Colleague: 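Once you've had a glance at the structure underneath, I'll fire off some questions.
Order of the sequence lines fixes the chain letters, A, B, ..., with proteins taken first and strands second; residue numbering starts at 1 for each chain. None of the values given here were measured: they were computed from a predicted structure.
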Number of protein chains: 2
Amino acid sequence: MTKLTDVARAAGVSIATVSRVLNNPGSVNAATQQKVEQAIRSLNYRPSRVAQRLRSKGGNSKIIGLVLPDIQNPFYVDVIRGVEEAMYEQGYAAIMCNFAQNEDKERLYLDILQSESIDGLIVAPVHGRDQKVVNLVLSGLPIICIDRGLTGVDVDVVLVDNHQGAFDAVSHLIKLGHRRIAFISGLPQIPTSKARLGGYEAAFREHGLAIDESYIKYGDSKHESGLRLSAELLDLPTPPTALFTGNNLITLGALETIHRRGVKIPEEIALVGFDDMYWSISLNPPLTAVRQPGFEMGHRAAELLFQRIKDPGRPTVKVVFDAALQVRSSCGAATAALKDN
Amino acid sequence: MTKLTDVARAAGVSIATVSRVLNNPGSVNAATQQKVEQAIRSLNYRPSRVAQRLRSKGGNSKIIGLVLPDIQNPFYVDVIRGVEEAMYEQGYAAIMCNFAQNEDKERLYLDILQSESIDGLIVAPVHGRDQKVVNLVLSGLPIICIDRGLTGVDVDVVLVDNHQGAFDAVSHLIKLGHRRIAFISGLPQIPTSKARLGGYEAAFREHGLAIDESYIKYGDSKHESGLRLSAELLDLPTPPTALFTGNNLITLGALETIHRRGVKIPEEIALVGFDDMYWSISLNPPLTAVRQPGFEMGHRAAELLFQRIKDPGRPTVKVVFDAALQVRSSCGAATAALKDN
DNA sequence: TAATGGCATGAAAACGTTTTCAAGAGGTAA
DNA sequence: TTACCTCTTGAAAACGTTTTCATGCCATTA
C-alpha cells in the first residue's frame with residue numbers, strides 16, 4: 001500500500017503538505033497542489049482509514065456500527081438497505097452485526113464496535129433497559145435506536161406506532177365479526193411485543209369485548225414459534241376463528257402449520273400478520289398485514305445519526321412512522337379485497 | 001477509554017509487560033501476571049482494535065470484509081448467517097457491504113475495505129473477470145469467492161453446481177411432458193446465470209429437443225424483471241406451458257404477475273424456481289424449487305478464509321455443493337407432492 | 001571470585017495519519 | 001532600514017498498540 005510518505009517523496013514536499021491537499025484543499029499554493037494531486041493520482045494513493053481513525057478519534061472515521069436482532073427477518077433487511085443507502089451517499093461504511101436475539105452476542109459485538117472507534121451506532125436494543133447500550137449513550141457515543149426505544153435515558157429513536165398498528169389489525173378482525181381472536185406474541189420483554197399486545201387489548205376494550213388469556217401465546221419472534229404456537233391454538237377445545245401474528249417470521253410459521261393441517265384460510269381461520277413483505281401477495285392466500293416502512297426507517301435513522309455526529313448537542317428526537325394495514329384476502333371479504341390489489 | 005498506559009500505571013509495570021500478559025501469557029513472571037490481570041479487570045480495559053490493526057498489519061486484526069451483490073435476496077441472507085456464525089466462534093467481526101449488482105459500488109466498498117486493513121475477504125464478484133477483485137487476489141490478500149468464481153486467477157471458491165441444478169429442474173419439467181419451457185435468466189454476465197442457462201440447454205439436448213430462443217428472457221436478477229419478463233412471456237402468441245425462473249427474486253416477481261392475471265398454477269403454467277426459501281411451502285402454490293444451501297456455503301467460506309489467513313501458501317480449493325430439487329406442487333403432480341411434505 | 005547464561009522487564013521504535021508550532025520568504029508601512 | 005504581517009511550508013508530536021533490543025539480576029560453572 002502506498003502511503004503518505006511515498007506521495008510526499010514523489011511530489012517533493014512534506015507529508016504535512018500532502019495531508020493538507022487531501023483534507024484542506026485551498027490552504028496550499030496552487031502549483032504545489034497540482035504537483036501533489038498528480039502524485040496522488042499516479043501512485044493511486046488511498047489513505048489508511050485505520051491510521052486516520054487512530055489519529056483523530058471521534059467524528060470523522062467514516063465508519064459506524066449497525067446492530068440488529070435478526071437478519072433473517074425481512075423487516076430488518078429493509079432497515080439495513082435504508083441505512084446502507086444513506087451511508088453510501090455520505091461515503092460511510094457500516095460494520096453490521098446480527099445478534100440473533102442473544103444478549104451475550106449483542107454485548108460482544110458492542111465491545112468490538114467500541115474498540116473499533118466507530119463514529120456512531122444504530123441499534124435495536126435487545127430489550128428496553130439494555131445496560132450496555134445505555135452506558136454507550138452515556139459515554140457520549142452518537143447513537144440512534146431503531147425499532148425499539150430505551151427507557152431511562154435520553155436518546156434518538158426511530159420506530160413505528162406498534163400500538164396503533166396492532167389496534168387496527170385486531171379492530172379489522174373484530175369488525176369482520178370475529179370474537180375468538182388469538183395473538184401470537186414475540187418475546188414479551190421486547191418493547192415492540194409489549195406495544196403490539198397493548199394494541200390488541202385496546203381493540204378489545206374499544207369494542208367492549210372481554211379478553212380470553214388462553215388465546216394469547218408468547219414465542220420468541222422466530223419461525224419456529226409460529227409453527228408451534230399456532231398448532232397449540234388449533235388444538236384448543238374451541239380454537240380461535242382468527243389469528244393475529246406478532247411478526248413476519250411467526251406469520252410464516254403459522255401459515256406453514258395451517259397449511260400442513262389443511263385448515264382453510266380465511267374460511268376456517270382468518271389471519272393477519274404484523275410486518276408486510278413485498279411478496280405477501282404471492283402467499284397462499286395473499287396476506288393481510290400491518291406494513292412497517294423498514295427502508296424509510298433505516299434511511300431516516302442514518303440521517304439522524306449523521307446529524308448527531310455533526311452536532312452532538314442537538315436535542316434528541318423521536319420519529320414515529322405510521323403502520324398501515326394492507327388488506328388482502330387472508331381474513332374474509334376475500335374476493336373484494338383481491339380486486340383492490 | 002482506558003488504555004495500555006493506564007493499566008501499566010495501575011499495575012506498576014511497563015506497557016510492554018501488559019502487552020505481553022495480553023498476547024503471550026506465560027512469558028512473564030507469575031506474580032506480575034497476577035497484578036496485571038487484576039489491573040486489567042478492575043479498569044475494564046479492552047485493547048483498541050484500531051491501534052492493533054495499525055501496528056501489526058495483516059493476519060491478526062480479526063476483521064474481515066463480506067461483499068455481496070444483493071442483501072434483499074434471501075439466499076445471500078443465508079450466506080451472511082453462515083459466515084457470521086463461523087466468525088462469531090472465532091471472535092472475528094465483518095464489515096458487510098451490499099453492492100446491489102452495481103460495479104461502482106462494489107469498487108468503492110473494496111477500496112474502503114482495503115484501507116480498513118482487513119485480514120481477509122469473502123466476495124461474490126460482480127462478474128467473472130472483476131479486475132478489482134483479481135488485483136486484490138494478486139496483492140496477496142486472503143480471499144474466498146462465494147457463489148461465483150473468477151476466471152484467470154487462482155483463488156478459493158465456494159459455490160453450488162448451478163449447471164446440474166438447472167438441468168434437474170428443466171428435466172423434471174420435460175419429464176412431466178412440458179415442451180414449451182421458458183427461462184427467465186438473471187444478468188447474463190454473471191457466471192451463475194451462464195451456468196444455469198447451460199443446464200437449461202443441456203436438459204433440452206439430453207432429451208433431443210430443440211430450443212426456442214424466444215422463450216429465453218434476460219433480466220437483472222431482481223423482482224422487477226420477474227414481474228415484467230413473465231408478462232412478456234404470457235403475452236406471446238403461444239405462451240409457454242412451463243416457466244423456469246433464474247433466481248428467487250425473479251420467481252417472486254413472476255408469481256405476482258401470474259396471480260394478478262389469474263393464470264392458474266400448475267394447470268395453466270408450471271413453475272420451477274432456482275433458490276428455495278424455507279417459506280416456499282407457504283407460497284401459492286407451494287413452490288417447486290432448486291435448493292442452494294446458503295448457510296452451509298457461508299459457513300464453509302468463512303472456514304476456508306480462516307485457513308488461508310493462517311496459511312497463505314496452502315493450495316486453493318474449489319468447494320462445490322449440490323443443488324437439490326425440492327418438488328412441491330407448482331408444476332404438476334400437485335396433490336401427490338403435497339402429501340410428501 | 002570471575003565469567004557465562006538465562007530470565008524478567010523496560011525503553012524505544014514503528015505502524016500511517018492529522019495537527020500544532022515554528023520558521024522562512026516576501027511584501028508593506030513607518 | 002526596521003519592524004511587522006501574511007502566506008506557505010516543514011518538523012515533530014500524538015493516537016494506542018506490538019515488538020525488538022538492551023539491561024539488570026540471579027544462578028550456575030570453572
Colleague: Let me know the distance between CZ of B:R46 and P of D:dT17, rounded to the nearest Å.
Modeller: 13 Å
Colleague: Can you sort out the partners of B:F306 under ring pair (Phe, Tyr, Trp, His ring centres under 6.0 Å), two or more places apart, ordered by chain and number?
Modeller: B:Y92
Colleague: Whole Å only: how far is the CG atom of B:D6 from the P atom of D:dC15?
Modeller: 11 Å
Colleague: Using a cut-off of less than 4.0 Å, is there contact between a side-chain N or O of A:Q52 and OP1 or OP2 of C:dG16?
Modeller: no
Colleague: Is the backbone N or O of B:V126 less than 3.5 Å from a side-chain atom of B:E106, with the two atoms forming a donor-acceptor pair by type?
Modeller: yes
Colleague: Would you tell me if any nitrogen or oxygen in the side chain of A:S14 comes within less than 4.0 Å of OP1 or OP2 on D:dT9?
Modeller: no
Colleague: Where each residue is assigned the nucleotide of DNA chain C containing its nearest heavy atom, which of A:L54 and B:G26 is assigned the position nearer the 5′ end?
Modeller: B:G26
Colleague: Within the pair B:N29 and C:dA8, is there a side-chain N or O less than 4.0 Å away from OP1 or OP2?
Modeller: no
Colleague: Would you say that B:D6 contacts B:Y45 through its side chain, given a criterion of any heavy-atom pair below 4.5 Å between the two side chains?
Modeller: no
Colleague: Taking CD from A:Q34 and C1' from D:dT8, how many angstroms apart are they, rounded to a whole number?
Modeller: 17 Å
Colleague: Quick one: is D:dT18 close enough that its OP1 or OP2 comes under 4.0 Å of any side-chain N or O from B:S56?
Modeller: no
Colleague: Grab the NZ-C1' distance between B:K3 and D:dA14 for me, whole Å please.
Modeller: 9 Å
Colleague: Please determine, for the side chain of A:A16, which listed nucleotide (C:dT18, D:dA12, C:dG10) has the closest atom?
Modeller: D:dA12
Colleague: Should the side chain of A:R20 and the base of D:dG10 be counted as holding a donor-acceptor pair, with the cut-off at 3.5 Å?
Modeller: yes
Colleague: Separation of B:N23 atom CG from D:dT19 atom P, in whole Å?
Modeller: 7 Å
Colleague: Between B:A51 and B:I15, which has a closest nucleotide on DNA chain C that is more 5'?
Modeller: B:I15
Colleague: Verify the contact: side-chain N or O of A:T32 to OP1 or OP2 of D:dT9, cut-off strictly under 4.0 Å; return yes or no.
Modeller: yes
Colleague: I'd like to check A:P47 versus A:L4 (side-chain heavy atoms, cut-off strictly below 4.5 Å). Are they in contact?
Modeller: no
Colleague: Would you say the side chain of B:I40 lies within less than 4.5 Å of the side chain of B:L22, judging by non-hydrogen atoms?
Modeller: yes
Colleague: Could you give the CG-to-C1' distance, from A:L22 to C:dT19, as a whole number of Å?
Modeller: 14 Å
Colleague: Rounded to whole Å, how long is the line connecting atom CG of B:N24 with atom P of C:dA8?
Modeller: 12 Å
Colleague: Please determine whether a side-chain nitrogen of the Lys or Arg among B:R53 and A:E116 lies less than 4.0 Å from a carboxylate oxygen of the Asp or Glu.
Modeller: yes
Colleague: Please tell me which of the listed nucleotides, C:dA13, C:dT17, D:dG10, lies nearest to the side chain of B:R55?
Modeller: C:dA13
Colleague: Quiz question: going by heavy-atom distance under 3.5 Å, is there a donor-acceptor pair between the base of C:dG16 and the side chain of A:R49?
Modeller: no
Colleague: Have a look at B:V13 and say if it touches a base, only the backbone sugar-phosphate, or nothing, with a 4.0 Å heavy-atom cut-off.
Modeller: sugar-phosphate
Colleague: Let me spell it out: for each of B:Y45 and A:T17, pick the nucleotide of DNA chain D with the closest heavy atom. Which residue's pick is nearer the 5' end?
Modeller: A:T17
Colleague: Just how far, in rounded Å, is C1' of C:dG10 from CZ of B:R9?
Modeller: 16 Å
Colleague: Please tell me if A:S19 has a side-chain N or O lying less than 4.0 Å from either OP1 or OP2 of C:dT18.
Modeller: yes
